[in-house]
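Everything numeric here is computed off the predicted structure, so don't read it as measured data. Lettering follows sequence order; numbering is per chain, from 1.
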Amino acid sequence: MAGLNIKKTEEKWQRRWKKSKIFDAEIAEQKGGKKKFFLTVPYPYTSGPLHIGHGRTNTIGDIIARFKRLQGYNVLFPMAFHVTGTPILAIADSIAKGDQKVVARYKGYISIYEDANKVDEIISSFSSAERVADFFAERISEDFERMGYSIDWRRKFNTTEPMYNKFIEWQFKKLYDKGVIKKGSYPITYSIEDNSPVGEDDIEEGDTNKVTIIEHTTIKFGVSDDTYLIAATLRPETVFGVTNLWIKPTAKYVKVAVGGEYGIVSREAALKLGYQREAVEGSEEIEGSYFVGKNVKEPIEGREIPVLSAGFVDPDVGTGVVYSVPAHAPYDYIALEDVRREEGIEIEPIKVIDIEGYEMPAKEICEKMGIANQEDARLEEATQIIYKDEFYRGVLNEQCGNFAGIKIAAIKDEVKDWLKGKNIADVFYETSRKAVTRGGGKVIVAVLQDQWFIDYTPKWWKDLGHELVEGMTFYPEKYKAYMHDIIDWLALRPCARKRGLGTRFPFEKEWIIESLSDSTIYMALYTIAHRLRQLPVDCLNEQFFDYVFLGIGSGADELAKEMNVEVDVLNGIKEEFEYWYPNDLRHTAPPHLSNHLVFFLMHHAAIFPPTRWPGAITLNELMIREGQKISKSKGNVIPLAKVSELYGVDMFRLYCAINADFASVINWREQDVDALKKRFNALVDVFENSTGVDVAELKEEEFTHTDRWLLSRFYRRLKESIELFEAFRIREAGINLVFNLLNDIRYYERRESPEKRRRIVRNVIEDWLLILSPIVPHICEEEWHKLHHSFISLQSLPELKEAFIDDRVEREEEYLVSLIADIKEILKIARIVPTKIYVYTADADTDNWKWEVFRAIKDLPERDKIKEAMKLRKDKSTVDFVKQLMKSNRDYFELNEREILEREKAYLTEEFGCEIGINEEHDPKRKKRFAIPLKPAIYVEG
RNA sequence: GCGGGGGUAGCCGAGCAUGGACAAAGGCGCAGGACUUAAGAUCCUGUUCCGCAGGGAUACGAGGGUUCGAAUCCCUCCCCGCGCACCA
């Protein structure tokens with residue numbers, strides 16, 4: 001390693017890059033200016049330190065940014081910080097309250113960056129959310145500098161500062177004008193005890209066993225003129241076949257007032273209903289048994305049906321009242337069988353769904369599965385089977401009036417709407433399973449009445465979204481189709497909350513814009529953020545952004561006057577936006593697809609004209625460590641801040657680039673890291689050993705075959721790598737540039753000598769360093785400076801010396817390698833110590849015909865080859881030859897085998913330690929005839 | 001349930017889109033050798049089975065199919081991750 005201190009080298013270049021401001025992106029001069037490239041990765045959320053997992057996406061982003069610079073683009077790669085939302089606030093609150101767990105965790109985080117004696121002082125400042133955010137934003141930006149990222153830091157901002165608020169307000173006004181900001185009710189999982197919405201993280205086992213919201217339909221069954229038993233169902237279309245109600249006799253029921261009517265539901269359901277509908281009042285409690293034996297009026301035709309008792313009814317699921325459709329519901333069928341046996345009540349099932357393969361579906365499935373009582377757990381399974389079969393294949397029959405003859409899948413919602421329209425049915429939300437919060441509070445579904453949301457359903461919007469996606473590049477490509485699906489699926493999205501940090505909702509100030517909704521088009525702000533800083537924040541009103549981003553309004557002069565700024569300043573801002581936008585590439589991770597990315601795309605589609613739509617999205621999978629997810633609960637987090645010290649930044653970057661393709665998860669394994677480190681060190685050695693060589697020693701006319709071979713490999717690999725880079729196939733490019741080239745060099749060195757290797761590497765090192773510099777910029781910068789007084793980070797790709805790419809030279813070497821392998825194979829199997837090795841080429845005097853035949857049939861399909869060959873030379877040995885030829889699967893490529901062998905005779909002699917005979921007459925075992933073109937016959941004497 | 005991705009040698013992991021050169025890249029591990037006083041590092045060789053001549057057999061989750069030919073295409077089955085919204 002020649003004493004190169006990697007860590008110091010990295011720091012040195014980071015310092016110099018920063019000092020020389022080489023990554024500050026400026027608008028290129030109009031004439032002869034470079035093409036621009038604007039690349040973004042998601043801004044980090046500043047609730048704590050980042051770890052190596054976050055490092056992958058950002059590193060890939062930087063590699064792309066650097067590659068684009070190398071390609072001659074004027075690159076803008078900015079960064080900002082995300083602060084919006086509840087987590088940072090929650091952390092600050094916990095620390096303020098003295099929550100010891102949180103305090104301990106944050107002390108740990110602080111001590112990653114600070115001396116032990118400062119920790120207490122800093123943690124005490126963390127009772128302010130702003131301090132938390134600022135502290136980590138500052139540290140993260142240092143981390144990023146230490147990762148060698150080529151970021152233009154002048155444009156950084158965070159999402160709670162006034163400038164950003166103004167920008168977000170503008171965005172929401174634009175959306176409001178499009179009519180997609182709406183207020184309405186919205187079901188959500190909710191904790192009664194905590195009196196607040198709960199997400200997956202708040203629910204016990206919420207991450208492993210998800211709780212979703214299920215929409216039930218409630219149906220009213222008349223007890224008297226204004227009082228109803230309210231049954232809940234998932235299958236409202238079966239209401240035509242109802243024969244009775246089920247109720248749990250031992251459960252408590254409550255009469256509640258809903259509107260001007262009274263409904264009877266279980267006590268549990270009454271409570272839930274209170275969170276879902278307006279003006280629900282409970283009154284007296286009634287024992288379930290009170291209703292048993294009474295009759296109620298079925299709502300469609302007004303039939304009188306009995307209320308019966310059933311054990312399977314759970315008062316905490318639905319309304320605690322179930323209507324019975326024994327023809328189609330296994331539970332109902334079995335319960336009714338019990339009733340018949342025990343009480344002698346006969347009730348005929350009413351069949352309402354016709355489905356092939358069943359006469360009476362519920363009855364038949366129970367008999368088939370051998371289910372005989374209500375306690376049988378398989379009833380659930382039977383229900384599922386019937387439900388699915390009937391949903392997809394079943395058709396409503398003549399019992400169902402206008403709905404007869406239509407598939408359930410197609411008619412279900414219509415039936416529901418019809419029932420609602422007749423004031424028979426309503427909606428009741430239930431959780432998909434019984435759940436409690438981590439604190440033990442019961443989780444129910446509440447309906448938020450005045451929730452603001454973004455309505456993504458309008459057709460014009462979805463159409464625009466699809467159009468935008470269609471015009472974009474995705475890598476990996478599969479995500480494009482996926483994105484189309486997501487756009488179709490996207491519906492309503494709540495966009496404001498009552499709690500958290502962020503921008504106040506412009507139309508109702510007690511709401512705060514939720515954190516994903518405020519991170520959709522912020523890339524536009526990067527283009528001008530540093531310039532906006534110079535304006536009073538009050539200037540940043542709707543007219544201002546309209547003018548800068550959309551070019552609309554009453555004109556620059558008037559606007560500038562209103563803002564009290566020079567027109568030039570205003571137009572300078574506009575010009576900068578117009579230069580940089582659109583965002584040419586957004587690089588992020590697949591988990592963002594169905595949330596952030598789709599909003600990013602949809603909001604661009606809605607707000608900006610097509611010329612400002614993003615160009616491409618690339619996504620890399622996440623990083624795991626030793627096969628495990630990286631998480632603080634697993635205790636396997638490596639902070640990004642430690643990368644430099646533990647592994648070296650270039651090493652880390654190389655690992656990120658090489659270890660897995662974008663589409664695969666990277667596994668951070670120490671074993672692999674060590675292995676890569678050896679390779680990396682070998683690479684550095686090769687560089688170090690070559691930069692000192694005097695260029696004057698290199699005379700092209702003196703290049704030998706092996707020199708030319710290595711040069712050919714070199715330039716071929718460089719050329720391939722550039723193409724791979726362009727296609728974002730960074731892993732393959734990196735492997736080519738490091739592993740494969742090192743192997744070529746090693747091979748060369750064995751054939752030649754380390755001294756010659758230095759010379760030849762010196763000949764290509766500049767191009768090599770250039771193309772490798774996006775991945776390992778520090779070491780490349782260091783080596784580059786030994787040869788030039790300029791930053792490699794600012795260089796452009798030179799014209800590749802493609803003339804060195806020489807198929808013939810490489811084929812010749814390949815030929816030699818395969819010959820040596822064949823000889824070794826023979827020596828091994830025959831266990832011979834050779835005294836002399838005879839090699840016979842296929843063009844040796846008598847066998848001249850072989851090349852002719854080879855040439856003649858090279859382009860023919862396999863099956864015609866023998867026939868054609870026989871036309872040329874009628875002899876059985878021709879058949880054998882062609883068969884052999886096909887088996888060996890050689891490309892046709894003409895080489896002068898004799899010449900190669902003569903040239904490499906000394907090498908072969910040295911390799912095998914014995915005399916080599918080329919095309920000599922001596923052939924005691926008659927091997928000569930086995931020679932085929934490009935594969936000589938061999939005879940070993942020992 | 002909806003959507004999507006996988007299963008490759010002792011291990012990790014390429015390749016499968018465009019079927020043939022795939023006994024299957026690369027790395028790790030293991031074995032042997034060179035170098036070294038030694039260790040480490042580095043380099044070379046080997047690492048399914050059989051074969052005293054460059055060959056053959058079996059193999060890419062399981063089972064079928066298409067094909068002259070399949071890790072690669074089609075079907076069925078088994079098994080394993082992931083996302084599903086108000087959460088950054």
Out of curiosity, F599(A) CZ to S594(A) OG, how far, rounded to the nearest 0.5 Å?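 Interatomic distance, F599(A) CZ to S594(A) OG, rounded to 0.5 Å: 8.0 Å.
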Is I823(A) touching bases, backbone alone, or none of the nucleic acid, heavy atoms closer than 4.0 Å?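 Result for I823(A) = nothing.
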With a non-hydrogen cut-off below 4.0 angstrom, is Y939(A) in contact with a base, only sugar-phosphate, or nothing?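 The answer is base, as Y939(A) lies within the cut-off (heavy atoms under 4.0 Å) of a base atom.
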With under 30° as parallel and over 60° as perpendicular, where do the rings of Y106(A) and F136(A) fit, or are they tilted in between?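 Geometry flag for F136(A) against Y106(A): perpendicular rings.
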With heavy atoms under 4.0 Å as the rule, sort P591(A) into base, sugar-phosphate or nothing.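 Nothing, no nucleic acid heavy atom in range.
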What is the distance, to the nearest angstrom, from the CG atom on D485(A) to the C1' atom on C84(B)?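 Nearest whole value for this atom pair: 13 Å.
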Base, sugar-phosphate or nothing for L492(A)? Non-hydrogen atoms, less than 4.0 Å.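 Answer is base: heavy atoms of L492(A) come under 4.0 Å of a base.
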Using a 4.0 Å heavy-atom cut-off across all strands, classify V940(A) as base, sugar-phosphate, or nothing.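 Base: the residue V940(A), judged by heavy atoms under 4.0 Å, touches a nucleobase.
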R750(A) side-chain N/O to C43(B) phosphate OP1/OP2 under 4.0 Å: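 Checking C43(B) against R750(A), no side-chain N or O comes under 4.0 Å of OP1 or OP2.
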Hey, what do you get for CD1 (I444(A)) to OH (Y429(A)), rounding to the nearest 0.5 Å?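 One finds 13.5 Å between CD1 of I444(A) and OH of Y429(A).
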C1' atoms of C73(B) and A17(B), separation to the nearest Å: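 Taking atom C1' in both C73(B) and A17(B), they lie 11 Å apart.
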Using a heavy-atom cut-off of 4.0 Å across all strands, would you classify T86(A) as base, sugar-phosphate, or nothing?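 Contact class for T86(A): sugar-phosphate only.
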Whole angstrom is fine here: how far is it from CG in D672(A) over to C1' in C28(B)?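 Atom-to-atom, D672(A) to C28(B), this comes out as 7 Å.
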Sticking with atom P, work out how far G4(B) lies from G19(B), rounded to a whole angstrom.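 Their P atoms lie roughly 24 Å apart.
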Whole Å only: how far is the CD atom of E621(A) from the P atom of G5(B)?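 Going from CD in E621(A) over to P in G5(B) covers 12 Å.
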Strictly below 4.0 Å, N to O, side chains only: are E732(A) and R729(A) in salt-bridge contact?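 Judged by the 4.0 Å cut-off on N to carboxylate O distance, E732(A) and R729(A) do form a salt bridge.
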G33(B) to G13(B) separation - C1' atoms, rounded to the nearest Å: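 To the nearest whole Å, 28 Å.
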Give a yes/no answer on whether the side chain of S664(A) brings an N or O atom under 4.0 Å of OP1 or OP2 in A14(B).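 For A14(B), OP1 or OP2 has a side-chain N or O of S664(A) closer than 4.0 Å.
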Tell me which nucleotide among U42(B), A14(B), G83(B) gets nearest to the side chain of R731(A).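 Given the options U42(B), A14(B), G83(B), the side chain of R731(A) is closest to A14(B).
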Which is true for A491(A) with a 4.0 Å heavy-atom rule: it touches a base, it touches only sugar-phosphate, or it touches nothing?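 Base contact - A491(A) has a heavy atom under 4.0 Å of at least one base atom.
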Base, sugar-phosphate alone, or nothing: which one does A937(A) contact when heavy atoms must sit under 4.0 Å apart?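 Touches a base.
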Atom CD1 of I624(A) and atom C1' of G13(B): how far apart are they, to the nearest Å?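 Those two atoms, CD1 and C1', are 12 Å apart.
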Where the side chain of L516(A) is defined as all heavy atoms beyond and including C-beta, which of C28(B), C87(B), A53(B) is the nearest nucleotide?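 Of the options given, the side chain of L516(A) lies nearest C87(B).
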Provide the distance between the two P atoms, one in U66(B) and one in C82(B), to the nearest whole Å.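 38 Å, rounded to whole Å.
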If I pick the C1' atom on C16(B) and the same atom on U8(B), what distance separates them, to the nearest angstrom?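 Here U8(B) and C16(B) have their C1' atoms 10 Å from each other.
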Okay, side chain of Q276(A), backbone of V445(A): is any donor-acceptor separation there less than 3.5 Å?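 Yes; at least one donor-acceptor contact below 3.5 Å.
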By the 4.0 Å heavy-atom rule, please label S519(A) as base, sugar-phosphate, or nothing.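 If one applies the 4.0 Å heavy-atom cut-off, S519(A) turns out to touch nothing in the nucleic acid.
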Separation of G5(B) P from F662(A) CZ (nearest whole Å):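 Rounded to whole Å, this separation is 19 Å.
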Among the candidates G54(B), C28(B), A25(B), find the nucleotide nearest to the side-chain atoms of F930(A).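 Looking only at heavy atoms from C-beta outward on F930(A), the closest nucleotide is G54(B).
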With sugar-phosphate meaning primed atoms plus P, OP1 and OP2, does P936(A) contact a base, only sugar-phosphate, or nothing at under 4.0 Å between heavy atoms?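 P936(A): base contact, heavy atoms under 4.0 Å.
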Could you give the CG-to-P distance, from L448(A) to A85(B), as a whole number of Å?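 After rounding, the reported distance stands at 15 Å.
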Taking atom C1' of C43(B) as reference, at what distance in whole Å does atom CZ of R751(A) sit?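 In whole Å, C43(B) C1' and R751(A) CZ are 18 Å from each other.
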Length of the CZ-P vector between F453(A) and A85(B), whole Å: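 Value for this atom pair: 17 Å.
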Rounded P spacing from A24(B) to C35(B) in Å: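 Those two atoms are separated by 31 Å.
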With both distances under 3.5 angstrom, what nucleotide forms a Watson-Crick or G-U wobble pair with G1(B)?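 Pairing partner: C84(B).
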Which nucleotide, C12(B), G54(B), C87(B), lies nearest any side-chain atom of R669(A)?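 Selected nucleotide: C12(B).
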Between T84(A) and L490(A), just flag the one whose closest nucleotide in RNA chain B comes earlier from the 5' side.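 Counting from the 5' end, the first nearest nucleotide belongs to L490(A).
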How are the rings of Y43(A) and Y522(A) set relative to one another: parallel (under 30°), tilted (30 to 60°) or perpendicular (over 60°)?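 Answer is parallel, since the angle falls under 30°.
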Which part of the nucleic acid, if any, lies within reach of K824(A) when heavy atoms closer than 4.0 Å are counted: base, sugar-phosphate only, or nothing?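 It contacts nothing in the nucleic acid.
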Ion pair K935(A)/D822(A), N-O distance below 4.0 Å: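 Looking at D822(A) together with K935(A), the answer is yes, because their closest N to O distance falls below 4.0 Å.
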Considering only side-chain heavy atoms of E825(A), which listed nucleotide, G55(B), G5(B), C44(B), is closest?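 Per side-chain heavy atoms of E825(A), the pick is G55(B).
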Tell which nucleotide pairs with U37(B), taking only Watson-Crick or G-U wobble pairs whose two distances are both under 3.5 angstrom.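 When the pairing criteria are applied, nothing turns out to pair with U37(B), so the answer is none.
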Can you tell me, in whole Å, how much space there is between the C1' of A31(B) and that of G83(B)?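 Roughly 46 Å separates the two C1' atoms.
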Taking atom C1' in both A9(B) and C84(B), compute the distance separating them and give it to the nearest angstrom.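 Comparing C1' positions in A9(B) and C84(B) gives a spacing of 37 Å.
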Upstream residue (5' side of RNA chain B) when W489(A) and N595(A) are each assigned their closest nucleotide: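 Between the two, 5'-proximity favours W489(A).
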So what's A31(B) paired with, Watson-Crick or G-U wobble, going by both distances under 3.5 Å?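 Here A31(B) is engaged in a pair, and the nucleotide opposite it is U45(B).
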Quick one: do E749(A) and R746(A) make a salt bridge, cutoff under 4.0 Å?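 Between R746(A) and E749(A) there is no salt bridge, as every charged N stays at least 4.0 Å from the carboxylate O atoms.
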In G10(B), glycosidic geometry as syn within 90° of 0 or anti otherwise: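 In terms of base orientation relative to the sugar, G10(B) is anti.
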